[in-house]
Every structure is written in structure tokens, then in C-alpha cells.
Number of protein chains: 2
Amino acid sequence: MKALIVDDDRTLADLLAFTLRRSGFEPYLAYDAPSAMNLFNQVPVEVIVLDINIPGAPGLKDGFDVCRNIRKISEVPIILLTVRDDEEDILRGLDFGADDYVQKPFSPRQLVARIKAVLRRSDSARIQNLAPYAHDDVMFDPNLREFMRDGHEPVSLTKLEARLLDYLMLNMGQVLPTEMVIDHVWGPGGGNSEMLRQLVRRLRKKIELTPDDPVLIHNRPGVGYGFAIK
Amino acid sequence: MKALIVDDDRTLADLLAFTLRRSGFEPYLAYDAPSAMNLFNQVPVEVIVLDINIPGAPGLKDGFDVCRNIRKISEVPIILLTVRDDEEDILRGLDFGADDYVQKPFSPRQLVARIKAVLRRSDSARIQNLAPYAHDDVMFDPNLREFMRDGHEPVSLTKLEARLLDYLMLNMGQVLPTEMVIDHVWGPGGGNSEMLRQLVRRLRKKIELTPDDPVLIHNRPGVGYGFAIK
DNA sequence: TTTCATAGTGACAAGGTTGTGACAAATTAG
DNA sequence: CTAATTTGTCACAACCTTGTCACTATGAAA
């Protein structure tokens with residue numbers, strides 16, 4: 001899967017390229033707005049990671065312009081990298097057709113998760129190479145959306161349930177802030193905490209042995225949700 | 001929360017001071033580069049609003065120099081005021097370690113929003129990236145908001161408790177003035193000493209072995225609170 | 001010692017968060 | 001097109017968090 005990475009911080013861009021390649025992507029790099037457009041016109045990439053603050057040229061001065069121009073001619077998913085947590089920047093980016101945003105600083109792993117979430121949300125593309133997760137006596141195959149526990153029948157999950165479980169298991173052992181989980185499942189601004197609570201409830205009912213006393217999906221009040229490990 | 005405002009336009013500086021004071025800040029004013037450095041060395045400000053075009057002196061000729069000099073010795077957030085929307089000015093400023101910039105003309109309200117965003121960012125960036133604290137037989141993980149003591153069950157802290165403990169442990173061994181602690185926990189103008197007393201009480205109850213005779217969080221009457229070491 | 005500001009304690013209430021059940025709307029499958 | 005499934009919304013309860021009040025204890029200065 002070809003991915004276009006646009007960032008003028010070459011160290012960061014290289015790091016992202018390395019991580020994406022390890023995750024099965026084929027990264028292409030650009031360091032400024034014009035060469036980003038150039039590369040996009042030559043290579044049929046399937047996802048774009050785009051820093052907002054990149055050097056530009058007259059008529060194409062930053063990442064916003066790149067985003068807007070690409071959106072004119074393509075539906076390819078775009079993930080913005082924003083430096084400040086300025087609502088305005090984010091809203092502007094989403095207005096210009098971006099699919100998601102990630103705030104610096106972020107871990108490459110987070111970005112990969114985000115990319116996968118975007119790809120999964122956009123019905124056009126689909127990730128084929130997702131490896132099944134395993135933990136203790138349970139297993140989850142995101143492709144089949146099938147959850148299995150040793151000695152039990154497999155359980156099939158819904159789209160949203162699978163998205164949630166995928167995100168939680170990808171970050172196994174961590175507690176993920178509620179807001180982040182919501183963004184990953186429903187996309188930025190697409191969900192709310194009520195919806196997440198219901199989804200968690202329904203997922204627990206399917207995969208926990210004792211839904212009343214959940215072991216796999218636990219909550220840390222005031223923070224968020226995590227998969228296993230305390 | 002002490003803020004340093006540096007601008008040679010006294011009318012504007014006064015307006016900013018007024019607005020910031022109304023937003024809970026305690027503004028200090030300087031009208032040129034040398035007096036800005038002077039004031040900075042005397043007052044422990046927690047954020048700086050710095051015009052680029054200010055009168056200077058040999059070796060300290062404008063706002064850029066002030067920015068660079070302050071950055072050599074402090075991590076305090078700096079917000080630049082630029083007159084033109086000259087990319088070069090902005091990039092140069094960010095290179096010199098500024099955290100954000102605002103282009104004149106701007107509304108005071110916008111500036112306050114920007115300041116708060118920068119403060120939030122520097123806070124959360126630190127909390128997300130810093131390893132857990134350790135001291136003697138206790139440990140605190142700000143990510144999970146979890147406090148642990150050897151041989152005891154982990155205790156989960158609330159948002160405010162975690163913010164307080166984070167601040168105290170970050171400055172371990174020092175006594176932090178009450179006002180500063182309040183500002184860091186509740187933000188500028190958001191808290192009072194009564195609330196801090198309650199918070200300290202609740203935190204002590206959770207993490208001290210003998211809350212009646214606190215060892216970790218101690219008070220110096222008339223000054224403030226400190227973590228460990230006397 | 002007296003006085004006053006600062007610091008600690010207990011209790012209460014408003015508001016927020018999480019989990020739950022029921023139901024309606026939307027989507028999907030046959 | 002209809003029926004089943006999935007998803008979103010509402011209402012409610014249990015619990016936790018947080019600000020506030022009233023009161024007591026402490027310590028420094030007059």
C-alpha cells in the first residue's frame with residue numbers, strides 16, 4: 001500500500017517512513033508543498049500523511065493548500081499533522097477535506113493506528129495484511145472480525161466493535177483516553193462518550209466471560225479504556 | 001500566574017496587561033529588550049508575550065535576541081508578536097525557541113486563547129512524555145495517574161490530584177509558593193487557597209502512610225508546599 | 001499572652017462519569 | 001420489500017469528583 005509522507009522535518013519523515021514500511025506500507029517522501037503535489041500526481045498513493053507547516057510556493061503556501069488541491073481531484077484519505085492544538089487549525093483542516101488529524105508530538109505507532117482507522121473507515125480501501133492479535137487464551141482476527149476464545153465457539157463482531165477492539169489490542173496494556181478512542185472509532189467529531197459506553201457494553205457482552213466483572217476491557221475512571229493487563 | 005509582556009507600544013502593552021489581568025494573570029511590563037531581560041531575571045514569570053520589534057541595546061538588539069537569550073536559560077513558554085505576516089520572521093522566531101506566534105493586529109481575546117493553548121500544551125506534552133517519577137519506595141505514573149508504594153496496592157488519583165502531585169514531584173525538594181501551585185493545578189485565576197487545602201488533604205489521605213503526620217507532602221507556613229526532603 | 005493569618009478537618013451538595021436497560025432509527029441481508 | 005441486525009438515543013442509578021461551609025489547630029508577630 002503506497003503512502004505519501006509530507007513533512008519538512010526530514011528526521012521525522014524518515015522515522016515515519018521506516019515505521020510505515022515495517023507496517024507493510026510503501027512510503028513516498030516529500031519535504032515541501034510543490035514536491036508533494038508533484039509526487040502525488042505521479043504516484044497512485046492510497047493514503048497521505050501531511051504536515052500543515054511545510055514550506056510552500058506562491059499559490060501553494062502550506063499543507064492546507066496541498067490538502068485542498070488534492071481534494072479537488074481525489075478522495076484519497078488525508079491525515080494532517082498539526083503542531084498546535086489549535087481548534088481553528090484542526091477545523092480548518094477538516095473543512096478542507098482532511099479525514100483525520102494527529103497532534104504532534106505523537107508516537108509512530110499511534111500514527112499507524114490512525115492510518116489504519118482512516119483506511120478502514122473509508123469503504124474504498126481495505127487493509128489486507130492485518131495480523132490477528134493473540135493474548136492469553138483469546139484471539140482476534142480483524143480481517144474476519146472474529147473473536148475466539150480457547151474451547152469456545154468463535155464470536156463475530158460488528159464493524160464498530162471490531163474497530164474498537166482493534167484499537168485497544170493494538171495498544172495492549174495502555175490506557176487510552178476516552179477522546180482518542182472515540183476519534184479512532186468514529187473519526188474526528190463523529191462520536192460521543194455515550195456512544196462509546198454503549199459500544200463498550202455491547203463488546204463486553206460478547207467477549208467477556210463475565211460481562212459484569214470485565215477482565216479484558218477495563219476502565220480507568222476519568223482517563224479512558226484499556227485492554228488487559230490490569 | 002505571572003506573565004511578562006514586552007512591547008514598545010505602551011498603549012497596546014497596557015491593553016494587554018488589562019486583558020490578561022482580567023483573565024487571572026499577573027502581568028509585568030517591559031518596553032525594551034534590556035529591561036525585558038532584567039525583569040525576567042527578577043520575576044519568576046510563567047509565560048512571556050514578546051514583540052519582535054522592540055528597541056534594544058548593543059548585543060541585545062530586538063525581540064529575537066531576547067527570545068534566544070531567555071531560551072538559553074529557561075523553558076518558559078514564549079509567544080511572539082509579529083507585525084508583518086513575514087514567513088521568515090515567524091520561522092526565525094520558532095527557530096529561536098518561541099512556542100507560538102500571533103500576528104498583529106489581533107484581538108486580546110485571541111491572544112489569551114493562544115496563551116492558554118500554549119500553557120496546556122507544555123503541560124500535557126510533559127505529562128505524556130515523561131517517565132514515571134520514583135522516590136524512595138514510592139512511584140508515580142502521571143500517564144496512568146497511578147501512585148504506587150512498594151508492598152502496597154496501587155492507588156489511582158483523580159485529575160487534580162495527579163496534576164498537583166506531578167507539579168510537586170517535578171520540583172522535588174523545593175517549596176513551591178501557594179500561588180504558583182494553585183495556578184498550575186487550576187490554571188490562571190481558576191483556584192483559591194481553600195481548594196488547594198482540600199486537594200492536599202485528599203491527596204495526602206491517598207498517598208501518605210500516616211496522613212496525620214505527612215512525610216511526602218509537607219507545608220512551610222506562609223510559603224507553600226513541597227514534596228519530600230524536609 | 002493575645003491576635004490574626006494560615007493550615008488542617010469533617011461534612012455536605014452539586015455536578016460529572018460510568019454502567020445498565022429499553023426503545024427507536026438506521027442499516028443490512030434475504 | 002420485509003425482517004433482522006446494528007447503531008444511536010433516552011432515562012436512570014450508583015458512584016466518584018470537586019467546591020464550599022463551618023469549625024479547629026497552628027504559628028508568627030505585636
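Fair warning: this is a prediction, and the values are worked out from it, not measured in the lab. Lettering of chains follows the sequences in order, A, B, ..., and the numbering in each one begins at 1.
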Rounded distance in Å - [atom1] ([X]) to [atom2] ([N]):
| X | N | atom1 | atom2 | answer |
| --- | --- | --- | --- | --- |
| A:Leu157 | D:dT7 | CG | P | 10 Å |
| B:Arg201 | C:dA11 | CZ | P | 9 Å |
| B:Met195 | C:dT6 | CE | P | 18 Å |
| A:Glu161 | D:dT7 | CD | C1' | 10 Å |
| B:Leu164 | D:dT17 | CG | C1' | 15 Å |
| B:Lys206 | D:dT18 | NZ | C1' | 11 Å |
| A:Leu199 | C:dA26 | CG | P | 19 Å |
| A:Arg202 | C:dC23 | CZ | C1' | 11 Å |

According to a strict under-4.0 Å criterion, is [X] in side-chain N/O contact with OP1 or OP2 of [N]?
| X | N | result |
| --- | --- | --- |
| B:Asn219 | D:dT26 | no |
| B:Thr158 | D:dT18 | yes |
| A:Arg197 | D:dG8 | no |
| A:Trp186 | D:dT7 | no |
| B:Tyr225 | C:dG8 | yes |

Margin query: Using side-chain heavy atoms (C-beta onward) and a distance below 4.5 Å, is A:Tyr101 in contact with A:Ile79?
Written below: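 The answer is no, as the side chains (C-beta and beyond) never meet within the 4.5 Å cut-off.
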Checklist line | Flag side-chain contact, heavy atom, 4.5 Å: B:Asp213 against B:Glu208 | finding: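 They are not in side-chain contact.
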Margin query: Check B:Arg145 with B:Asp166, please: is the shortest side-chain N to carboxylate O separation under 4.0 Å?
Written below: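 Here B:Asp166 does not pair with B:Arg145 in a salt bridge, since their nearest N and O are not under 4.0 Å apart.
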Next item on the list: Could you tell me whether B:Lys206 and B:Glu161 have a side-chain N and a carboxylate O separated by less than 4.0 Å?
Entry: yes
Selection from [options] that lies nearest to any side-chain heavy atom of [X]:
| X | options | value |
| --- | --- | --- |
| A:Glu194 | D:dT18, D:dT7, D:dC10 | D:dC10 |
| A:Lys205 | C:dA7, D:dT18, C:dG21 | C:dG21 |
| A:Gln198 | C:dA22, D:dT20, C:dG8 | C:dA22 |

Note to self: Could you check whether B:Arg10 makes a cation-pi contact with B:Tyr31, meaning its NZ or CZ is under 6.0 Å from the centre of the six-membered ring and within 45° of the ring axis?
What the structure shows: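 That pair qualifies as a cation-pi contact.
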Next item on the list: Would you indicate what A:Leu160 reaches in the nucleic acid, counting non-hydrogen atoms under 4.0 angstrom: base, sugar-phosphate, or nothing?
Entry: sugar-phosphate
